[in-house]
Engineer: 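Input: one structure, supplied below.
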2 protein chains.
Amino acid sequence: MIIQGFKTSAVAAGIKPGGALDLALIWSQTPAVAAAVFTQNAFMAAPLVVCKKHLQETGHRVRALLVNSGNANAATGDAGMQAAQQCAELLAREVGCEPKEILVASTGVIGRTLPVDRIRASIPSLVSGLLPTNIELLAQGIMTTDTVPKIASVEVSGAEIAGVAKGAGMIHPDMATMLSFVMTDAAVPHAELDNALRYAVHRSFNSITVDGDTSTNDTVLLLASGASGVRMRSVQKEFEKALRGVCQSLAEQIVADGEGVQHVIHLRIEQAKDRAEALRVARAISHSLLVKTAWAGADPNWGRILAAVGRSGVRVNPNRVTIFIGAQKVCSASTACVFDERAAHEELSKAESRVIVQLGRGRARLDFLTTDLTTDYVRINADYST
Amino acid sequence: MIIQGFKTSAVAAGIKPGGALDLALIWSQTPAVAAAVFTQNAFMAAPLVVCKKHLQETGHRVRALLVNSGNANAATGDAGMQAAQQCAELLAREVGCEPKEILVASTGVIGRTLPVDRIRASIPSLVSGLLPTNIELLAQGIMTTDTVPKIASVEVSGAEIAGVAKGAGMIHPDMATMLSFVMTDAAVPHAELDNALRYAVHRSFNSITVDGDTSTNDTVLLLASGASGVRMRSVQKEFEKALRGVCQSLAEQIVADGEGVQHVIHLRIEQAKDRAEALRVARAISHSLLVKTAWAGADPNWGRILAAVGRSGVRVNPNRVTIFIGAQKVCSASTACVFDERAAHEELSKAESRVIVQLGRGRARLDFLTTDLTTDYVRINADYST
């Protein structure tokens, strides 16, 4: 599909070994309206600092996004800041705009100097290669150790929304980053675009976990060209829903492609007082090594889930907690139910299975996406390679 | 060594398969003064509820502790409470005291009915087998997946302090299942005993982690018989230091024998504003799967440590964070130092190694003990056995 107003390109700049695509470009014919969500990590990588500054200076107007994989430009100090700034300047000169209209993003190894010379040498071919949005090529260009490109798109009332993402699944040592870039050709004022993105991210990317590590480079960026002529305000509800759908699809693809992941768990927390406490319980369960390893073995060990709920910090009443694996109630009032263990084991043996925890405290509900923890995850990340 | 005033015993009651010791007894000739620290998990197992009640009823006076391994009596509802209470009654009748003077502790599988019949059948031989404190036998009787018994003792001004512990998995004492029982023949009033234990636990068991999971059964119990005639008040400082030493030794033994552990990391957080934030940073680092797997590979990957500090919630200034691996500074002002990577890899290849993180915020310091995460941990815990 074509997102009107944008062109894209990707090349192999030699930042990653082996000649893989590692430098990608999104270019907008006119200044696109931008909304962005950045990592909460206190060590924000240099490209994110540059993006925040540029977005502020331009009032969230963007002409191009340059993204490299293979090097995160994180924990690189002043030299890293200068490198990020320099990349923006080099691209600005090539496409004919101001440096502040350029955004930059990086993903890869932490603490290594960004090879600006290789990026400089590749910018001309990157720009001359710009073609109407090739979302597949873009998705490939931002991959690190993802095993598949991640793409989602939807049409909404005549406008297109399409996005790409790369994994939060730490598929290679040091590569701990989730990046997602979404484009739309709807016409959306910044405030509405920002609201729509924050809501969508909250319900999608922020409701997934693979290993609980938050990267220094996590970025979700949404660009609106307006080139379709469809005004978001006239289809606001549909647009917000469509955007959330794109983000949700990308989030699910990231989880399924997480490092060493054999089982994806659709975890639902019900009967919470509010969404915040549901999220707290979901994260405590999803980050429990004992729960994650039980899932790796497709072990219907509800006691570990219960123990994780109990240490979440939410003041649950043990007499009111219920756990389901698939359609079977396995634990009620925090004690064992009679259930078919073999069937529960089979449910958890599927590529995707469902676990529900009811807290008995209120009416809030949360859907959370997580994974098992396998020996492959450990092997991939324990590999001493530096 | 003999702890005057106490006798101990351990038998194989058939709770664990294979005829291993699984039922142990500590008996005090006269009511011992007791101090206890229990799990912070919202799902407190039945034996802990019974202990709290009994300690309150007697004003912290204890005649005997009955501890079984192989079954946690957790998430067992009213039946579990009755089972715990029944064990206390059965033992009280056999040793000739009131049920409220009995404490009970359990460790093992969650959510299974405690086999009271087997315990009932074994109590006579357990009591008739009581001998002057045999700390080794006691330590063996409380083991679950521990590979070695855990024992520590010290003499302080004529009094003895000796303790046992079990650990292995679910080790994140906030107050993990971690059980520890310490006896002393010093004469200590309850308030002083309680203070000394809380301080010692805080600085030892609560400053370790294997997998970040807090169990439903964690208990540390300290019993003072007074039978040596040594009054703690006359040697308070020495006693407190000695008790802390015993707890610290047991905590270190638990970490070193953690499931699948190959490398123990002595993590020191320096230049924190206060101990609470140092603990927060230590736990964020220690619970990062990327950091733990890097340690499994002896990978001097400081970028992962830095990213964990950054998501700890402590508002660090990136320009002030320094990281050492062994004696080498590997990261300064949150950027890479020139260092000998081979030497850092060798440091992390040792059974025990040292990592220091300086936050540049204050003068508080914390020593924290943690481990790597290996494929063995996953294998042990992913084994579908239920």
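In what follows, chains carry the letters A, B, and so on, assigned in the order in which the sequence lines appear, proteins first and then strands, with residues in each chain numbered from 1. Worth saying up front: this structure is predicted, and the values here are computed from it rather than measured.
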Engineer: Which bit of A:W295 comes within less than 4.5 Å of chain B, counting heavy atoms only: side chain, backbone, both or neither?
Structural biologist: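 Neither part.
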Engineer: Could you measure the distance from the CD1 atom of B:I110 to the CZ atom of A:R304? Nearest 0.5 Å is fine.
Structural biologist: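 Reported value, rounded in 0.5 Å steps: 8.5 Å.
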Engineer: Working to the nearest 0.5 angstrom, can you tell me the gap between A:N41 CG and B:L306 CG?
Structural biologist: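 One gets 7.5 Å once the value is rounded to the nearest 0.5 Å.
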Engineer: Between CG of B:L373 and CG of A:L373, what distance do you get to the nearest 0.5 Å?
Structural biologist: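 B:L373 CG to A:L373 CG: 6.0 Å, rounded to 0.5 Å.
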Engineer: Before you tell me yes or no, could you show the steps for A:V378 and B:Y377 under side-chain contact (heavy atoms from CB on, under 4.5 Å), namely the whole-Å CA-CA distance, both residues' side-chain angles and the distance that decides it to 0.1 Å?
Structural biologist: CA-CA 10 Å; A:V378 176; B:Y377 177 94; over 6 Å; no
Engineer: When rounded to the nearest 0.5 angstrom, what is the spacing between CZ in B:R112 and OG1 in A:T335?
Structural biologist: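 Answer for the CZ-OG1 pair, B:R112 versus A:T335, is 14.0 Å.
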Engineer: What pair of heavy atoms forms the shortest contact from B:S334 to A:F43, and how long is it?
Structural biologist: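 Closest approach of B:S334 to A:F43: OG-CE2, 3.1 Å.
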Engineer: Quick check: are there more than 12 heavy atoms from other residues, nucleotides or ligands sitting under 6.0 Å from CG of B:D78?
Structural biologist: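 Check fails, neighbour count at 12 or below.
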Engineer: Give, as side chain, backbone, both or neither, the part of A:V321 having an atom under 4.5 angstrom from any heavy atom of chain B.
Structural biologist: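 Contact with chain B is through the side chain of A:V321 alone.
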Engineer: Please determine, among A:G313, A:A336, A:A79, A:P318, the option with the most heavy-atom pairs under 4.5 Å with chain B.
Structural biologist: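 Maximum pair count with chain B is reached by A:P318.
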Engineer: Does any backbone or side-chain atom of B:S312 lie under 4.5 Å from a heavy atom of chain A? Answer side chain, backbone, both or neither.
Structural biologist: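 Neither part.
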Engineer: Would A:L289 and B:N381 count as a side-chain contact (heavy atoms from CB on, under 4.5 Å) here? Give the steps.
Structural biologist: CA-CA 9 Å; A:L289 293 190; B:N381 284 296; over 6 Å; no
Engineer: In terms of heavy-atom proximity below 4.5 Å to chain B, should A:A333 be classed as side chain, backbone, both, or neither?
Structural biologist: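 Contact with chain B: none, neither part.
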Engineer: What distance separates B:R311 CZ from A:D218 CG, expressed to the nearest 0.5 Å?
Structural biologist: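 Spacing of CZ (B:R311) from CG (A:D218) equals 11.5 Å.
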